[in-house]
Structures are given as structure tokens and as C-alpha cells.
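What follows is a short report on a single structure.
All residue numbers refer to positions in the sequence shown, counting from 1.
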Amino acid sequence: MNHLKNILNAFLLLSFIVIAACNKSELFKEEIWDWTGGPANTKATILTQPTLLGNDIYLPAGTKCIYSDKSHHEVVFILPKGYAFLLRNRETRESEISIEGGGYSCTCTGGGGCTTFYNEDLGYGCLQHHCSGSCVGKRTKSESADVIEGVLVLDNDRIDKRLVSEKASLSDLGKTSFFDLKEVQQELKRTYDIVYKYLPKPNFKDLDFGKEINFVYAKTYLYGFEIGLILPNDSGLYKWMPDLKVTSLMEASKSCKCSGASGTSCKLKRAGLLGYEAYYCNGCTTCEMN
């Protein structure tokens, strides 16, 4: 049995080496790089295109990937300028925006260790290596409770600024955790307070999306994540926020779709906070607004 297991592990390792060699020129490039928190002259792999992490989060092109030790059981991600992680602490359930702290680690449930590797079709995963039990891969560094639930665009921290072309990439849990971020809550409140400073604020929960004509559904982005706001039906607002995509409330209720083949259930969700509400699409891994 052990002989068969060793043959299987050797085959998997050989497959990984072949896959890496075939894809390296397309997906990766390497450079020697000095990084804070690690040794000098470290070999860093740089992603040359968006790369899958787990089932639903993409690391942007330009991300540096560095093994934290010689055993290769953990890789640390350093995002390019303008991006940040959405981290959620699995113990406290608190979320934060951070340019550091992102990684992927493999731990062994038995004796020995596991090796972290990348496959173009499967994303990051674990090789059994010398592990006598099972290898468990996680979107977190081995000594951290902070799990990567998304990648955000820092230049899009204001709703009334011109939109950036880059988009955020979030897990389903990341999409709900997004509204727990203090930066997001503050910016939504700031925007709504300006909009409704001299106008009566609607009772969001009781709005009849099928009949209401005094308000519109406005699609915009915050930190690269697509959200919907309920705004007065006033053309003057469009001059202040020229990148809004405005539609009727009736159309908003059917505005979500799955853009890929990863699922079919994509629905509009509410996020209530500080007396206001924002909306987002969630369900399938490619859920987005029309």
C-alpha cells in the first residue's frame, strides 16, 4: 500500500513539474526580489494574467507569489499597487481592507508535510509530499486567522469619482462581508447623506419596486465591487455622478445574471446599514448586474 502511495505521489509531483513547465511562459515570470518580512534575494513568481485562487477569487496580473520557507507549504501574495485584500477573520468574523496578509497554505492532518502548487485549471492546491494524512489547503497564511475573501480596487474608494476599469473579485462570503467594512459603510452614508440632504429619504424596506416612480435604481462601483443605490429621480444627480447606470426600480428586481457557466441562481440582495440600503448580486460565482 505504501509502495502504491509513493508511486502516486511521484506521479503527481511529476505531473505538477510538467504542468508548471508548460504554463510558466504564459502565466508566470520570475525575478529575484527583496521583500519586507522575508529574506533578501528571494525568487518571486509574478502572475502575468488574472489567476484563480480557490473557486471564485482572481488575483490580478502583477501579483507576486513568494514561498515563505524552503518546504514550500505556504505561498505569500503581494498585490500590485492599487489593489488590496478583503480579509475576514474566521475567529472574530471581522473584515478589513489590507495590502498585506494574503497567502495560501497547505497543512497536513497527520505527520509530515504538504507542498503548495499551482495548476492552471484547478488554481492553487496541495501535493501530499511526505504527509501521512490528508493535505488541507486554505486561502490564508498558516499562522493567521485572516482568510482572503476578495481583492478590492483601492482607487475606487469614492462613489462620486470617475470609475476605474478594474473590477473587484469577491467570494460569496466576501460579497456579504464587504458591507461590514467601516470604509464601505462610511462612504455609503456620506453619499446618501449628500443625496438626501434636502429631499425626503424613502422607507427603503417598504418601497414598491413595481410601482414607485419617484426613485430610481442606480448601478455604480465601490472598491471595484458592483452595487446598486436607491436615488431620487432627479437628472441633476447624474451631473454629480456621471458614471451611474440608471434604471427603474422595476428593472432592478431582475437585474442580476450569471455571466458564465458556473451557476444559474443569481439574485439581487439587500444590505441594510445606518438607515440606508445598498444592493448587490450574489448566488453563482459569475453573478453580476445587467
So, taking the atom named [atom1] in [X] and the one named [atom2] in [Y], what distance separates them when rounded to the nearest 0.5 Å?
X: Leu222; Y: Ile227; atom1: CG; atom2: CD1; result: 5.0 Å
X: Ser165; Y: Asn156; atom1: OG; atom2: CG; result: 10.5 Å
X: Phe85; Y: Glu149; atom1: CZ; atom2: CD; result: 12.0 Å
X: Leu47; Y: Cys65; atom1: CG; atom2: SG; result: 4.0 Å
X: Leu87; Y: Ser95; atom1: CG; atom2: OG; result: 8.5 Å
X: His130; Y: Thr115; atom1: NE2; atom2: OG1; result: 7.5 Å

Pairing residues for Tyr83 by the ring pair (Phe, Tyr, Trp, His ring centres under 6.0 Å) criterion, not counting sequence neighbours =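 Ring pair (Phe, Tyr, Trp, His ring centres under 6.0 Å) list for Tyr83, sorted by chain: empty.
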message = Take a 6.0 Å sphere around CD1 of Ile99 and say whether it holds more than 12 heavy atoms from other residues, nucleotides or ligands.
response =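 Counting other residues, nucleotides and ligands, CD1 of Ile99 stays at 12 neighbours or fewer.
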Taking the side chain as everything from C-beta on, heavy atoms only, tell me whether [X] gets closer than 4.5 Å to [Y].
X: Thr191; Y: Thr220; result: no
X: Ile213; Y: Asn233; result: no
X: Val246; Y: Tyr217; result: no
X: Val147; Y: Lys138; result: no
X: Thr45; Y: Val75; result: no
X: Ile66; Y: Ile78; result: yes
X: Ile230; Y: Leu249; result: yes

All pairs passing salt bridge (charged side-chain N to carboxylate O under 4.0 Å, His left out) where residues 167-182 contributes a residue, at least two apart = none
task = Among residues two or more places apart or on two chains, list those pairs meeting salt bridge (charged side-chain N to carboxylate O under 4.0 Å, His left out) that have a residue in residues 72-91.
result = none
Which residues pass the side-chain hydrogen bond (donor to acceptor under 3.5 Å, both in side chains) test with [X], sequence neighbours left out?
X: Lys189; value: Asp193
X: Tyr221; value: Glu226
X: Ser169; value: none
X: Glu277; value: Arg270, Tyr279

Which pair of non-hydrogen atoms, one from [X] and one from [Y], has the smallest distance, and what is that distance?
X: Pro232; Y: Val195; result: CD-CG1, 3.3 Å
X: Ile148; Y: Arg139; result: O-NE, 2.7 Å
X: Cys106; Y: Thr116; result: SG-OG1, 3.3 Å
X: Leu127; Y: Phe117; result: CG-CD2, 3.6 Å

Who passes salt bridge (Lys or Arg N to Asp or Glu O under 4.0 Å) against [X], sequence neighbours left out?
X: Lys141; result: none
X: Asp234; result: none
X: Asp157; result: Lys161
X: Glu96; result: none

ask   = Are Tyr280 and Phe179 an aromatic pair by the rule of ring centers under 6.0 Å?
value =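 Centroid separation for Tyr280 and Phe179: below 6.0 Å.
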ask   = Would Met289 end up clustered with Leu244 when hydrophobic side chains under 4.5 Å apart are linked, directly or stepwise?
value = yes
task = Report whether Leu170 and Leu173 are members of the same hydrophobic cluster (ILVMFWY, side-chain heavy atoms less than 4.5 Å apart, transitive linking).
result =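 Looking at the clustering, Leu173 is in a separate group from Leu170.
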ask   = So do Cys135 and Cys126 have their SG atoms closer than 2.5 Å?
value = no
key: Qualifying residue for ring pair (Phe, Tyr, Trp, His ring centres under 6.0 Å) with Phe77, from Tyr104, Tyr124, Tyr67   = Tyr124
query = Are Ser248 and Val216 close enough, and set up right, to give a side-chain contact (heavy atoms from CB on, under 4.5 Å), and what steps lead you there?
reply = CA-CA 5 Å; Ser248 68; Val216 293; over 6 Å; no
query = Parallel, tilted or perpendicular: which fits the ring planes of Tyr223 and Phe178, with parallel below 30° and perpendicular above 60°?
reply = perpendicular
query = Once the angle between the rings of Tyr196 and Phe204 is folded into 0 to 90°, is it parallel (under 30°), tilted (30 to 60°) or perpendicular (over 60°)?
reply =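 The rings of Tyr196 and Phe204 stand perpendicular, inter-plane angle above 60°.
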ask   = Is it true that the side chains of Asn89 and Asp146 contain a donor and an acceptor less than 3.5 Å apart?
value = yes
Determine all donor-acceptor pairs shorter than 3.5 Å in which one atom belongs to a side chain in residues 56-63; sequence neighbours excluded.
{"unit_1": "Thr63", "atom_1": "OG1", "unit_2": "Pro60", "atom_2": "O", "d": "2.7"}

query = Could you go step by step and tell me if Leu181 and Ile97 meet the side-chain contact (heavy atoms from CB on, under 4.5 Å) rule?
reply = CA-CA 8 Å; Leu181 295 168; Ile97 299 174; 3.8 Å; yes
